[in-house]
Structure formats: C-alpha cells, structure tokens
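I have placed the structure first, in the form of structure tokens, so that the comments after it can refer back to it.
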2 protein chains.
Amino acid sequence: MTPPIDIVQVGLGPLGQMLTPVLEAKSSLRVVSALDIDPELAGTDLADLAGAGQGVSVSGTLDDALAPNPSVAVVTTVSELDRLWPQIQPLVEASIHIVSTCEELSHSWTTSPDLSRTIDEAAKSHGVSVLGTGINPGFLMDFLPSAVTAVCRRIDSVKVERIQDASSRRLPFRQKIGAGLNAEEFEQRTTAGKIRHVGLTESANFIAAKLGWSLDRTEDVVEPVITDVTVEGDDWVVEPGYATGVNQTGRGFIGDREVITLVFRAAVGQSDPHDTVSLTGDPDYSITVPGGTHGDVATCAIIANAIPSVIDALPGLRTMSDIPLVSCAP
Amino acid sequence: MTPPIDIVQVGLGPLGQMLTPVLEAKSSLRVVSALDIDPELAGTDLADLAGAGQGVSVSGTLDDALAPNPSVAVVTTVSELDRLWPQIQPLVEASIHIVSTCEELSHSWTTSPDLSRTIDEAAKSHGVSVLGTGINPGFLMDFLPSAVTAVCRRIDSVKVERIQDASSRRLPFRQKIGAGLNAEEFEQRTTAGKIRHVGLTESANFIAAKLGWSLDRTEDVVEPVITDVTVEGDDWVVEPGYATGVNQTGRGFIGDREVITLVFRAAVGQSDPHDTVSLTGDPDYSITVPGGTHGDVATCAIIANAIPSVIDALPGLRTMSDIPLVSCAP
C-alpha cells in the first residue's frame, strides 16, 4: 500500500472548504496542513470549517503550514497569474508541487510567456510540477475537445458549448451570473468586471497549441441572456426584458476565420442544459454530456484527482496535456 | 518550421494501405519507407498500392526499410503481443519509436507482465517509446472513460457501449461480425476464434489501472445478435432467427461485483448507433458520441495523431495514459 500524498491546502475560502472533504475522502491523499491569510480563520480546526480534516488547524504563516512537510499544495486563492506567482513561489522553492484552480495558470504560455518561463524554470530547478486545472478551464473546453480531436484526420474548427440551468443554484451564483438585472445594470457589472468567467482565452490557447495552430487573435465577449417571458423559481422571479444570466463567448481566429468557439452560458430557466464538443473536419465528430457537468462538484473532483498525476509529471509548468492522464484517484 | 517526422510503415495490408494517405496528408509526418513480408508487394510504389507516398517502394527486408533512417515505425501487422515482439524488437534495437495497432499492446502490463517488462526495458535502453493504440482499444473503451472519471469524486462502476450499425459496411466486415449466420454456424465460427474483437480485456485492465482497482477476474463473452424480423440492405437480407452481427461483452470484477462493463455490438440493421460512457459514482456522469465513431477512419486518424506524442513521451512501454495528450496532429 502506497502511503497517502501529504497536502497543504492554501486558501480556505468557499471552494477550499468544499475541497477538504473531497481530498480527505481519498485513501491516496491526506490533508496535513492549511494556510489562509484571514486572521479570523487562524487556529480553526479544518473539521469545524470544512467538515473534514479533523486535527488540522488553519495556519496563518507559511512556516507553520510547511511544518508537516507536505508534498503538494492545493492552491485555491486567485484567478490571475500575476497575483498567484508571489503566493506559490515560496512553495515551489520549498520543493512542493502545485495544483491550483487559478484559471490563468491552466494555459499561460500564450498570454504570459515571460512569467510562464519564470514559473517553469523555478519549478524545474526545484524538481516540482505546477498545474492549473479545474472543469473550465482545465477539462471541458480544453482537455476534452483536444482529446477528442485525436479521432479525426483533419480539424477545421472546434466548438464547445457549456449550457447550464442556474435555476436551482444558490443566490450568490445567481447574482454572479447577473440573473434579475436589467440590460443597463448588467452592462455596468460587466464593465466593472463583476460578471466574467475567467479562462476562455486560456482554453482557446490550449486547443490551438495542441492542434499546432497559430491564432491571430482571440476575443472574449460577455452578454446578458434577456428573457422575453417570465421565469421563476421557488423564491425568485425574472420578468420579461431582464437578464436570466450570462452568455460568454470565447473565440479564436486564424486570419478572419473563426476556428475556435467556446460558449459558456449560465442562466435561470435555461432549457436543455448540456456540454457539447463539436468538431468540423474529416470527419465531423461530436460528443455530448447530457445534462452537463456540475461546476463546483466536478471542479473539486478534478483538482483532487489531478494530484497523483502532478506527482508523476516531469518537473516544470505543466498543463493537462502533458501530465499523465488524470482519472478518478482512489 | 519543425521538419516532418520520418516514418517507416511496417505492414501494408488493408489497414496499412488506408493509413498511408492519412500519414502523408499531415505536414508534421512523412513516410520514408515501408516493409512487408508479402513478396508480391516488394518494389511496389506506395502510391500505386495505397494512393499516397509516391516514390517510396515497399521493401522486403529490414535493412532496406531502415536505410532512410526513420524515427518512428507504424506497425499494422498482428493483434497478439507475442507475435508482435519479434517484429518490433529489431526496430526498437535500431532506436526507432513504435506506434502499433496491435490490440494486445495497448495495455499489456496485466495480461503479459513478463513480456511487457522485456519490451519496456528494451525501449528504455534504446531511448524509444512503444505504444499500442487505436480506437478500440486505445480510445473509446479505455482512454476516454478513464479521462471522464476525472470529474467525479468517486467511481463505483464504469460502463462503455459501442453500438454500430453495420448495414452500410462492406461484405468482409459484415462477414467478420457473423451477419447472416445461424446460431450454430455463429457458435462454430466463434469457437474457431473467427468472430472476436481483440482488446476488451486490455481496455478493462487499462481502466482498472487508472482507477487504482485490482480486478479479481475479467471475462470476454461473444454472442450473436439474433433478429426476430427480416433485416435487409441493398444487396443482402437476414431472415428472422439468424444473426445480424455480434455482441461482445468484456467485464471486470472485484469479488462478485461487476465494476467494468464494455459492450461492443456491431450488427446490420442496428438502430441508434452510438458510443456511450456511463459512470456510476459521486456523481453519476455520462458522455455520448451520437452516431458513434467510424472504426477504420478513426483508427487511422488516432494512429497518425499519436506519433508526435510518442516522440515526446518518456522512453519505455507506454499506454495512452502516460504520453502527452494525443490530439489531431497538424
């Protein structure tokens, strides 16, 4: 029996707290320490905070968190690469592998080549792997479509749709997608960067890199889904003319040709939720997840499941395409 | 621009001939030589035989085939590992990477541990990678379901269905699946090993290895699909009581519990052709290819597309789970 992999959780916000029981449920993994900058969390037992990880208290300092000698840090703090690097640099220099939900880390080579090289070199010189993953980015709009292209002789274009019905999601999620706003409020929140799913550009760059394509430009457009009928749930209602949610489209172009289209739609009352990869080429090919993939549950799962593959990967800044296949870890 | 990867094709039977134009259509690949034991093929120009590869003649000897110094051998000769090894050993010893359609090579560690170790050690000592792949085994019933488990917190069982309508396939394929036979003839041909799709056991072992499962036993059952109505195509008819094709089921058990079920059905008149991966666990999850995956076309595609990943892989006997992600090669 291989001993479990010792993990430090960095970031005990809502996602970090959801992750603890997923990590703890696996015989191959064990949470040995935790780190958060929130002074109110310091000293809290993980079991009280997250429902699992009894006996592990949240540390407020890196030294405390590294005392039990973890092999891997699971980092659930920020979406931006330039904010992540100062957080993970001391971990990498302590020879700790990194698995992070940081969206911009999932494929940063195109958007941040210099910082990517810095991370890659640091990881290599300390013999560890650094991976950004999750469902989206990390799986649905990058790994999965790239994997599916393997069965085609030629690919002309790649389209991925992730269509979610947010009706049963909690209020914070419905607010995050702008449900109930009018067009002006939606635009204000979009302009303020409050309604934006990070990662479509990274996913487009991931696919392009795998297909050997050189994209001339990418775009990432956020728009409201405006309903023309009344949509209502148990404790909410959206009147005609208001937003039921967000439709975000990432596109990648070669010249004027749109070769990658990534549609992320989350709206209350959305019919036919599903995830679909559609390839045009020789031959055309498509693959569908009926009902779609649950965001939070699947994100926690893939983060936990990626840990053994990151341990087995070559040192450096890695993506989901160059580590051993991530599968459900025992 | 990276120069193309130089390839020797070993085996110019029907599948090898289908592969040549697929390899030649890719700017990243180039067929520089070919080898076949059939003396009638010696000296034939590949373009005359396979419709692509002009100026490359089929060699009858290994020395001739290796003269242009290929980096990778694409081997489409046999399904059995013990017959393959003598064919590829001299290639490995000449430091040539191997990509093969040999079904038993796709995941041979469980069924042939000693020979697998021999191959692995030879490959490592000559700095090359050896990969068996294809659609099935290689993708649909092993790589794809294993990849999809990444989004689940826990997996209890894995089922894959590959349901094909053979109505429009050519006579040799319809014969191969036993279409038109009565139950007794079908059983005779099955007993003689004439109706058998090789690879379900390898796929079950691949999935188990990825999930950290130890299977207590596997089985591989071949049965006729008997029609109770008349089924007919342009130039054929199957009367009630006769076989329209084959239903083959691979199963993997832990104790008495069937944890892996792989259903391969190819029959004329089969309704609703599709490929589906169904996972039970936390949460349940499924993914479907509407219409299914074309056997020959997709097999040729994935073999060609795997070549760059095999070049980039660590030396040794590899599977689709431990090489860089295979995507459509440019």
Side-chain angles (χ1 to χ4, degrees), chain A residues 2 21-22 25-28 133 135 138-140 143-155 207 209-213 275 279 281-283 285-291 293-294 297-302 304-306 308-309 312 314 319-330, chain B residues 2 21-22 25-28 133 135 138-140 143-155 207 209-213 275 279 281-283 285-291 293-294 297-302 304-306 308-309 312 314 319-330:
Chain A
T2 321
V22 180
K26 292 188 176 285
S27 62
S28 60
T133 191
I135 287 303
F139 184 81
L140 275 178
F143 177 86
L144 184 64
S146 299
V148 172
T149 67
V151 309
C152 296
R153 292 182 287 207
R154 192 191 74 243
I155 296 292
I207 293 170
K210 285 307 294 180
L211 296 179
W213 290 354
D275 306 319
L279 308 176
D282 175 21
Y285 194 76
S286 76
I287 193 162
T288 289
V289 182
T293 307
H294 193 291
V297 170
T299 296
C300 290
I302 200 167
N305 292 331
S309 295
D312 286 343
L314 286 176
T319 74
M320 288 289 280
S321 93
D322 56 11
I323 63 174
L325 180 64
V326 176
S327 302
C328 189
Chain B
T2 321
V22 180
K26 292 188 177 284
S27 61
S28 60
T133 190
I135 288 302
F139 185 81
L140 275 177
F143 177 87
L144 184 64
S146 299
V148 172
T149 66
V151 309
C152 296
R153 291 182 287 207
R154 192 191 75 243
I155 296 292
I207 293 170
K210 285 306 294 180
L211 296 179
W213 290 354
D275 306 319
L279 309 176
D282 176 22
Y285 195 76
S286 77
I287 195 162
T288 288
V289 181
T293 307
H294 192 291
V297 169
T299 297
C300 290
I302 201 166
N305 292 331
S309 295
D312 287 343
L314 286 176
T319 74
M320 288 289 280
S321 93
D322 57 11
I323 63 173
L325 179 63
V326 176
S327 302
C328 188

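We name chains A, B, ... by the order of the sequence lines, and we start the count at 1 in each one. These numbers were taken from a predicted model, which means no experiment stands behind them. All values below were derived from every heavy atom in this structure, side-chain atoms included, with hydrogens, water molecules and symmetry-related copies excluded.
Among B:S286, B:P308, B:P324, B:G281, the residue with the largest count of heavy-atom pairs under 4.5 Å with chain A is B:S286. Of the residues considered (B:L140, B:L314, B:T293, B:D312), B:T293 shows the highest number of contacts with chain A, using heavy-atom pairs under 4.5 Å. Comparing A:D322, A:V22, A:T319, A:V297 by heavy-atom pairs within less than 4.5 Å of chain B, the highest count is held by A:V297. Among A:A301, A:A329, A:G212, the residue making the largest number of heavy-atom pairs under 4.5 Å with chain B is A:A301. Across A:N305, A:I135, A:I207, A:I323, the residue that shares the most heavy-atom pairs under 4.5 angstrom with chain B is A:N305. When each of A:I155, A:L144, A:L211, A:L279 is checked for heavy-atom pairs under 4.5 Å with chain B, A:L211 comes out on top.
Note that CD1 of B:I287 is 4.0 Å distant from CD1 of A:I287, once rounded to the nearest 0.5 Å. Here OH of B:Y285 is found 13.0 Å from SG of A:C328. Values are rounded to the nearest 0.5 Å. Atoms CZ and CD1, from B:R153 and A:I302 in turn, are 14.0 Å apart once rounded to the nearest 0.5 Å.
Contacts of A:A304 with chain B are absent, with no heavy-atom separation under 4.5 Å from either backbone or side chain.
A:F139 approaches B:A147 most closely through the heavy-atom pair CE1-O, 3.6 Å.
Each of A:C152, A:S321, A:S146 was compared with B:S327 under the side chain to side chain contact (heavy atoms under 4.5 Å, CB included) criterion, and only A:S146 meets it.
In this structure, A:M320 and B:L325 have side chains that are not in contact, with every pair of non-hydrogen atoms separated by 4.5 Å or more.
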